[in-house]
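First the proteins, then the strands, lettered A, B, ... as listed; each starts at 1.
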2 protein chains.
Amino acid sequence: MSTSSSYHHGNLRTELLDAAGEVLEKRGLGALSLREAARRAGVSHNAPYRHFANREALLAALAAEGFAELGAALGRAGGREAGASYVSFALTHPQRFRLMFGGLVSIDAHPELREQATRTFDALRRSFAGSGPPEGAAHAAAAAWSLVHGLAELLLNGHLRRAAGEDPVAYVSNVIGTVQFAAAPGCGD
Amino acid sequence: MSTSSSYHHGNLRTELLDAAGEVLEKRGLGALSLREAARRAGVSHNAPYRHFANREALLAALAAEGFAELGAALGRAGGREAGASYVSFALTHPQRFRLMFGGLVSIDAHPELREQATRTFDALRRSFAGSGPPEGAAHAAAAAWSLVHGLAELLLNGHLRRAAGEDPVAYVSNVIGTVQFAAAPGCGD
DNA sequence: GGTTGAAGTTGACAATGACAACATTACTTT
DNA sequence: AAAGTAATGTTGTCATTGTCAACTTCAACC
């Protein structure tokens, strides 16, 4: 139905996001312009402005998509594999992950992004809160999230060299396995 | 001496880096253009090209400066306070830190940056290697670095909320304090 | 003293983000 | 169903930017 005429696209916002997402992952953030997205969607250079206030708004929408997907991935995985799932998301969508956490788009400046991010962060804190008892819970959860987030970033940037032949997945679980949270059962406070 | 004529600046590269660094921290990476740096250095729009091949080369030089400074800070602090020192650097120079680890400049593509980064990374691994015995050393060091790096990033982005009135420095050490590395003395194998 | 090359300048061009004015279509409201 | 209105896309334009090319100035060396 939507394809009747060629003037009104009918689905442009979504297609712009798809096109932009592809450019983002394949050619990086620097190559991602509103005009390029418009070109790929087969639409005039100014059409995107009907759906996004400016370039940053498009980036914010991309980031929001990313947070939604990350949240879904965390939901799928049990609390136990949350860490592996987080790292896996980052390695599967490196540019998206950087966009989400790179600080280039202010989360607070974009309400829709803010809401989605908040939802995902809450899920995250919940996932990582199981690591300790109430007293140090907040700190331990922060540590767990930090560990996993840092691991993702450093892997993404190629700063961690794993031994030859070491499985990436195994590496992640090995690294995570070296730490214990202070109040976790089996290790004194 | 150097200020004799106004044609040959004599110190342009350094001044461009200083100007660019200021723009970077105060207005963010997006506002940092070669032309803006040139303007601030009181020089024509194309003068920077005598010192930097392109915009990315300038960014690479800024990142290299950052790595040098981070390395120095780590050297000043003992191995014990390496973590706090790392986080402190990130919080003091947020934009610089993001530039260094944001993946926007390819480290490998810029030899000078690559060398400086390698030096600093080696120092880093050394700092964080003290956390465990040889067998799991690499993994434990990776975990320590990841923890600290993630903590820095998440703090930078305002994703970790510390309790009201909790000192930032104390918070960092509290969070770090919740983890113990598997083979560290005082905790099971 | 003249030559040469590094460091800076002016001038140009294409790409981009953004604004304004206009065109076309869809939806609502009788 | 007809008209009016707002949403969606288009064309035109402009300032800014990165980058290339050609020219100029100056300092160091023979």
Side-chain angles (χ1 to χ4, degrees), chain A residues 1-24 26-63 95 99 104-106 109-110 112, chain B residues 1-24 26-63 95 99 104-106 109-110 112:
Chain A
M1 318 295 130
S2 53
T3 53
S4 54
S5 79
S6 64
Y7 200 101
H8 278 89
H9 188 289
N11 204 19
L12 187 52
R13 193 189 137 100
T14 303
E15 253 190 57
L16 284 172
L17 281 176
D18 289 351
E22 201 179 306
V23 174
L24 176 64
K26 299 199 175 157
R27 300 218 276 234
L29 185 58
L32 176 46
S33 69
L34 282 177
R35 288 170 106 112
E36 173 67 17
R39 248 174 260 129
R40 295 198 170 214
V43 104
S44 89
H45 65 176
N46 256 352
Y49 284 94
R50 296 295 146 191
H51 299 274
F52 304 98
N54 49 37
R55 185 186 130 119
E56 192 176 309
L58 171 63
L59 299 186
L62 284 173
Q95 303 291 333
L99 178 63
L104 260 174
V105 296
S106 157
H110 303 270
E112 206 168 335
Chain B
M1 313 282 171
S2 55
T3 53
S4 53
S5 78
S6 62
Y7 201 102
H8 278 91
H9 188 289
N11 203 19
L12 187 53
R13 194 189 136 99
T14 304
E15 253 190 57
L16 284 171
L17 282 176
D18 289 352
E22 202 179 308
V23 175
L24 176 64
K26 299 199 173 156
R27 300 218 276 232
L29 185 58
L32 174 46
S33 69
L34 282 178
R35 289 169 107 112
E36 172 67 16
R39 249 174 259 130
R40 296 198 168 213
V43 102
S44 88
H45 66 163
N46 257 350
Y49 282 94
R50 294 296 145 189
H51 300 276
F52 303 100
N54 47 39
R55 185 186 131 117
E56 192 175 309
L58 171 64
L59 299 185
L62 283 173
Q95 301 291 333
L99 179 63
L104 261 174
V105 296
S106 158
H110 303 271
E112 207 168 333

Round to a whole Å and report the spacing from [atom1] of [X] to [atom2] of [N].
X	N	atom1	atom2	value
B:Leu34	C:dT9	CG	P	14 Å
A:Arg35	D:dT17	CZ	C1'	13 Å
B:Leu16	C:dA7	CG	C1'	12 Å
A:Leu59	C:dA18	CG	P	10 Å
A:Arg50	D:dA6	CZ	P	14 Å
A:Glu56	C:dA18	CD	C1'	14 Å
A:Asn11	D:dA7	CG	P	19 Å
A:Phe52	D:dT8	CZ	P	12 Å

>> Is it the case that the base of C:dG17 and the side chain of A:Arg55 share a donor-acceptor contact (distance under 3.5 Å, atom types as modelled)?
In response: no
> Is there a donor and acceptor pair closer than 3.5 Å between the side chain of A:Arg13 and the base of D:dT8?
Replying inline: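 No pair found.
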Measure from the side chain of [X], starting at C-beta and using heavy atoms only, and say which of [options] lies closest.
X	options	answer
B:Arg39	D:dT17, D:dT19, C:dT9	D:dT17
B:His45	C:dG11, C:dG8, C:dG17	C:dG11
A:Asn54	C:dG17, D:dT10, C:dA18	C:dA18

> Is the shortest heavy-atom distance from the side chain of A:Arg13 to the side chain of A:Leu17 under 4.5 Å?
Replying inline: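 Side chain of A:Arg13 against side chain of A:Leu17, heavy atoms only: contact under 4.5 Å found.
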>> Checking A:Glu36 against A:Leu32 for the side chain to side chain contact (heavy atoms under 4.5 Å, CB included) test, could you report, in this order, the C-alpha distance in whole Å, the side-chain angles of both residues, the deciding distance, and whether it holds?
In response: CA-CA 7 Å; A:Glu36 173 67 17; A:Leu32 176 46; 5.7 Å; no
>> Is there a side chain to side chain contact (heavy atoms under 4.5 Å, CB included) between B:Leu29 and B:Leu59? Walk through the geometry before answering.
In response: CA-CA 9 Å; B:Leu29 185 58; B:Leu59 299 185; 3.8 Å; yes
> If only side-chain N and O atoms of B:Tyr49 are considered, is one of them under 4.0 Å from the OP1 or OP2 phosphate oxygen of D:dG18?
Replying inline: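 Looking at the OP1 and OP2 atoms of D:dG18, neither is under 4.0 Å from any side-chain N or O of B:Tyr49.
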> Below 4.0 angstrom from OP1 or OP2 of C:dG8, is there any side-chain N or O of B:His51?
Replying inline: yes
> Roughly how far, to the nearest 0.5 Å, is CZ of B:Arg39 from OG of B:Ser44?
Replying inline: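 It is 11.5 Å, given to the nearest 0.5 Å.
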>> Ignoring hydrogens, what is the shortest heavy-atom contact between B:Ala41 and B:Leu12? Give both atom names and the distance.
In response: CB-CD1, 3.9 Å
> Between A:Gly42 and B:Ser33, who's closer to the 5' end of DNA chain D by nearest nucleotide?
Replying inline: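 Comparing both residues, the 5'-ward one is A:Gly42.
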